[in-house]
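Below: one structure, written as C-alpha cells.
Naming: A, B, ... by sequence-line order, numbering from 1 per chain.
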Amino acid sequence: MYPLLHVADIAAHEGQEVTLHGWLHHRASKGKLHFLKLRDGTGIIQCVVFKGNVTPEVFFEADHLPQETSISVRGLVKKDQRSPLGYELDVRDLTVIARPSQEFPLGHKEHGVAFLMEQRHLWLRSQRQTVVLRVRATVVKAIRDFFDERGFTLVDAPIFTPAACEGTSNLFEVPYFDLGKAYLTQSGQLYMEAGAMALGKVYCFGPTFRAEKSKTRRHLTEFWMVEPEVAFMDLEGDMELMEQFVSSVVGKVLAKHEQELVTVLERDVSKLKNVVPPFPRITYTEAVEVLQKAGHPMKWGDDIGGDEETVLASAYDRPVMVHRYPAAMKAFYFKKDPKDPSVALGCDVLAPEGYGEIIGGGQREEDLATLEAAIAHHGLPKEAFEWYLDLRRYGTVPHAGFGMGVERCVAWVCGLHHVRETIPFARMMERITP
RNA sequence: UCCCCAGUAGCUCAGUUGGCAGAGCAGGUGACUGUUAAUCACCGGGUCGCAUGUUCGAGUCAUGCCUGGGGAGCCA
C-alpha cells in the first residue's frame with residue numbers, strides 16, 4: 001500500500017474523485033455538515049462532510065473522531081476560495097484506520113516550552129514544526145549544492161576523536177576499548193585541513209558535540225556544522241566565500257519557502273531579501289570603537305558578548321563580517337596578521353536581528369615553526385598534533401576555511417526565538433528525551 | 001560553575017492580610033448547512049512539584065531538595 005495522491009498535489013485533480021490518507025488535524029461541526037482537516041505531511045486539506053452525501057453511520061462517525069485519528073477519505077476535489085489551500089474535498093466516504101487510544105496531548109491552544117519539548121515527537125506534527133523542518137532540509141540541501149557546484153569534495157570527518165581540536169574542555173568523553181578515552185568531535189576542521197591538502201577544496205557536514213554547560217537559546221550539545229576548507233585561499237578569499245555561501249543558502253530558502261515563512265512562521269522576509277553580497281566588513285578594533293561610542297564599557301581585548309553582537313549587527317541590513325580579532329582570543333591554528341601580529345586572520349559572520357554568530361573561520365597558520373610555537377604557547381600536547389604538523393612538513397600552503405552552525409542559520413532564516421525548534425530532536429544540557 | 005524566574009485540573013493560568021480548590025481551553029453529551037483556535041447548553045475532571053517546620057488552620061509563610069525555563073561565562 002502506498003498513497004497514490006498527496007494533499008500537495010491536489011490541484012491537478014480538480015473535479016475528480018480521489019482518496020487521501022492522513023491524520024485528523026482538526027474537526028468542527030455545524031449541524032448537517034462537519035469540517036475535517038486532513039493532514040498528510042505534505043499539506044492540510046479541509047474535507048467537508050454533508051449529511052446527504054454519506055451514510056448515516058459515516059456522518060455520525062465524522063463528528064466523533066478525536067484529533068490525530070488516522071483516516072482515509074474518499075471525495076470530490078473542489079475549488080473553493082474560502083480554503084487557504086484553494087481546494088477542499090467533498091467527502092463521499094471515510095474509513096478509520098486507527099483511533100487514538102488516548103486523547104492527543106497537544107491541542108490547538110498555546111502550550112509551554114517544557115511541555116512541548118517533552119512531547120517533541122508529537123509536536124513535530126504541528127504545521128509550524130513541519131515548516132521549520134522543511135526549511136532545515138532545504139538549508140541542508142542548499143549547503144551541499146553550494147559546495148558541490150563549486151568543485152568541493154565532501155570529506156567526512158570522524159566523530160570519535162583522540163583529543164580536542166581546540167583544547168580538552170567542553171568535550172564529551174567516551175570509553176574506547178584498550179585505548180582509554182575517546183571524545184566526540186567538536187569540529188572536523190583539522191581533518192579538513194588534511195583533506196584540503198589532498199583534494200584542494202573540501203567540506204565536511206555532520207553532527208558536532210559540545211559539552212558546554214550553556215543554557216541559552218543559541219546552544220545545543222549536539223548540533224550540525226558544515227566546515228569548508230580550501231588550499232591556496234587567504235582570509236580575503238575566505239570572506240568572499242562566506243558571503244556568497246550565506247546569501248546562496250538564504251536565497252534558496254526564499255525561493256522555495258517564502259509563502260510558508262510568511263503565513264505560518266510570520267517571518268518578515270524583506271529582511272532576508274537584503275542578504276546579498278557584499279556584506280559589510282569591520283575589524284574587531286573598529287567594532288570595539290563603535291561599541292565604545294554606543295556606550296558599552298569594553299576595551300580592546302574583551303570578548304564581544306551577545307548584547308554587543310546585537311548592537312553591532314543592528315547597524316546593518318545584512319550579515320556583518322567582523323575580522324582580525326585579538327590573536328589571544330583565538331585558537332592556536334589561526335594565522336596572525338603579518339601587518340599586525342597582535343590580531344589573527346579570523347572572521348566571524350554575525351547574523352542580523354540579534355541572531356548572533358552563525359559563522360566562525362579564518363586563515364590557518366601554514367608555517368611549521370610558528371605553529372609549533374603556538375601549540376606550546378597554548379599548553380597543548382605536541383604529540384597529539386604530530387599528524388597535523390605533518391601537513392606543514394610536506395608541501396605546506398596558505399589555506400583557510402570556516403564553520404557554520406546549521407541550527408543558528410535555520411533559527412535566523414525562520415525567525416525563531418530558540419535553536420531547539422530547528423533540529424528534530426534537540427539535545428540540551430537538561431534534556432535528552434525524547 | 002554562577003545569577004534570576006517558575007512549578008495549582010490533560011494544557012494555559014488566576015487564587016486578596018494564612019480561612020470551603022477556581023476560570024478558559026481540551027474531553028463527554030446534545031443543538032446548529034460554511035467552520036478556520038466556531039458558537040451555545042449541560043456534564044465529568046485536583047497527591048496545589050517533594051519533604052520538613054511555624055500555626056487552631058498552609059496553594060499562600062520559612063528552610064531544604066527536585067524539575068524546568070531564561071541568562072552569564074564559552075561558543076556555531
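- Taking atom P on both B/U1 and B/U16, the two are 36 Å apart, rounded to the nearest angstrom.
- The listed nucleotides are B/U29, B/G69, B/G34; the one nearest the side chain of A/His64 is B/U29.
- Counting only heavy atoms from C-beta on, A/Val48 has its side chain closest to B/G34 among B/C32, B/A76, B/G34.
- Distances from the side chain of A/Arg420 to the nucleotides B/G73, B/A76, B/G70 place B/G70 closest.
- If you take atom P in B/G73 and the same atom in B/C65, they sit 27 Å apart, rounded to whole Å.
- For the residue pair A/His399/A/Glu366, the side-chain donor-acceptor check at 3.5 Å is not satisfied.
- Among B/A76, B/G69, B/A72, the nucleotide with an atom closest to any side-chain atom of A/Thr216 is B/A72.
- Interface remark: the A/Gln46 side chain does form a donor-acceptor pair with the B/U35 base, using a distance-only criterion of under 3.5 Å.
- Which of B/G71, B/A76, B/G68 sits closest to the side chain of A/Met225 comes down to B/A76.
- In this structure, A/Met298 places its CE atom 11 Å from P of B/G73, rounding to the nearest Å.
- When the nearest nucleotides of RNA chain B are assigned to A/Ile359 and A/Arg431 by heavy-atom distance, the more 5′-ward of the two goes with A/Arg431.
- Judged by the 6.0 Å distance and 45° axis criteria, A/Arg144 is not positioned over the aromatic ring of A/Phe146.
- Heavy atoms of A/Gly107 sit nowhere under 4.0 angstrom from any nucleic acid atom.
- Rounded to the nearest Å, the gap between the P atom of B/G18 and that of B/U63 is 16 Å.
- Rounded to whole Å, atom C1' of B/C11 lies 12 Å from atom CD of A/Gln67.
- Salt bridge status for A/Lys271 with A/Asp317: absent, with no side-chain N to carboxylate O gap under 4.0 Å.
- Across B/A76, B/U33, B/C74, the shortest atom-to-atom separation from the side chain of A/Phe50 is found for B/U33.
- Protein atom CD of A/Glu212 is 15 Å distant from nucleotide atom P of B/G71, rounded to whole Å.
- Residue A/Lys215 places no side-chain N or O under 4.0 Å from the OP1 or OP2 atom of B/G70.
- Note: A/His34 and A/Phe59 meet the aromatic proximity criterion, with ring centroids under 6.0 Å apart.
- Looking at which nucleotide of RNA chain B each of A/His34 and A/Pro66 is closest to, the 5′-most match is held by A/Pro66.
- In RNA chain B, runs of at least 3 stacked Watson-Crick or G-U pairs (N1-N3 plus N6-O4 or O6-N4, or N1-O2 plus O6-N3, all under 3.5 Å) give these stems: B:1-7 with B:66-72, B:10-13 with B:22-25, B:27-31 with B:39-43, B:49-53 with B:61-65.
- Aromatic rings from A/His21 and A/His6 are positioned such that their centres are separated by 6.0 Å or more.
- Straight-line distance between the P atoms of B/G45 and B/G57: roughly 30 Å, to the nearest whole Å.
- Contact annotation for A/Ile358: backbone-only contact, meaning every heavy-atom pair under 4.0 Å involves sugar-phosphate atoms and none involves a base.
- Taking atom P on both nucleotides, B/U60 is separated from B/C2 by 27 Å, rounded to a whole Å.
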Requested in this report: Apply the test ring pair (Phe, Tyr, Trp, His ring centres under 6.0 Å) to residues A/Phe223 and A/Phe209: give CA-CA distance (whole Å), side-chain angles for both, the deciding distance (0.1 Å), then the verdict.
Outcome: CA-CA 7 Å; A/Phe223 65 98; A/Phe209 307 88; 8.5 Å; no
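- A tilted orientation is assigned to the rings of A/Tyr284 and A/Tyr325, their planes being inclined by 30° to 60°.
- A/His417 comes within contact range of no nucleotide atom at all, as no heavy-atom separation falls under 4.0 Å.
- Comparing B/U29, B/U35, B/G70 by their nearest atom to the side chain of A/Glu88 picks out B/U35.
- Between B/A26 and B/C11, the two C1' atoms lie 7 Å apart (nearest whole Å).
- Across A/Phe279, A/Phe147, A/Phe152, A/Tyr203, a single residue satisfies ring pair (Phe, Tyr, Trp, His ring centres under 6.0 Å) together with A/Phe245, and that is A/Phe147.
- By the criterion of a centre-to-centre distance under 5.5 Å and near-parallel planes under 30°, the ring of A/Phe35 forms no stack with the base of B/G34.
- Nucleotide B/G34 holds its C1' atom 13 Å from the CG atom of A/Leu36, rounded to whole Å.
- Remark: the A/Ser29 side chain and the B/C32 base include a donor-acceptor N/O pair separated by less than 3.5 Å.
- A salt bridge links A/Arg281 with A/Glu243: the distance from a Lys NZ or Arg NE/NH1/NH2 to an Asp or Glu carboxylate oxygen falls below 4.0 Å.
- The gap from the C1' atom of B/U8 to that of B/A14 amounts to 10 Å, rounded to the nearest Å.
- A donor-acceptor pair is defined here as one N or O able to donate and one able to accept, closer than 3.5 Å; such a pair exists between the side chain of A/Ser70 and the backbone of A/Ala98.
- Side-chain N/O atoms of A/Arg82 include none lying less than 4.0 angstrom from OP1 or OP2 on B/U35.
- Looking at the side chain of A/His219, the nearest of the listed nucleotides B/A26, B/A76, B/U35 is B/A76.
- For the pair A/Arg408 CZ and B/C75 C1', the computed distance is 6 Å after rounding to whole Å.
- When the C1' atom is compared between B/G22 and B/G59, the two are found 12 Å apart, to the nearest whole Å.
- Salt bridge status for A/Glu229 with A/Lys201: absent, with no side-chain N to carboxylate O gap under 4.0 Å.
- Distances shorter than 4.0 Å separate none of the side-chain N or O atoms of A/Lys30 from OP1 or OP2 on B/U33.
- Counting only heavy atoms from C-beta on, A/Phe115 has its side chain closest to B/U12 among B/U12, B/A76, B/G68.
- The NZ atom of A/Lys32 sits 16 Å away from the C1' atom of B/U35 (whole-angstrom rounding).
- Comparing atom distances between the A/Glu103 side chain and each of B/G69, B/U33, B/G27 picks out B/G27 as nearest.
- The CD1-C1' distance, from A/Ile423 to B/A76, rounds to 12 Å in whole Å.
- Counting non-hydrogen atoms under 4.0 angstrom, A/Asp348 reaches nothing in the nucleic acid.
- The distance from atom CE of A/Met429 to atom C1' of B/C2 is 11 Å, rounded to the nearest whole Å.
- Contacts of A/Glu357 with the nucleic acid, taken as non-hydrogen atoms under 4.0 Å apart, involve only primed sugar atoms and P, OP1 or OP2.
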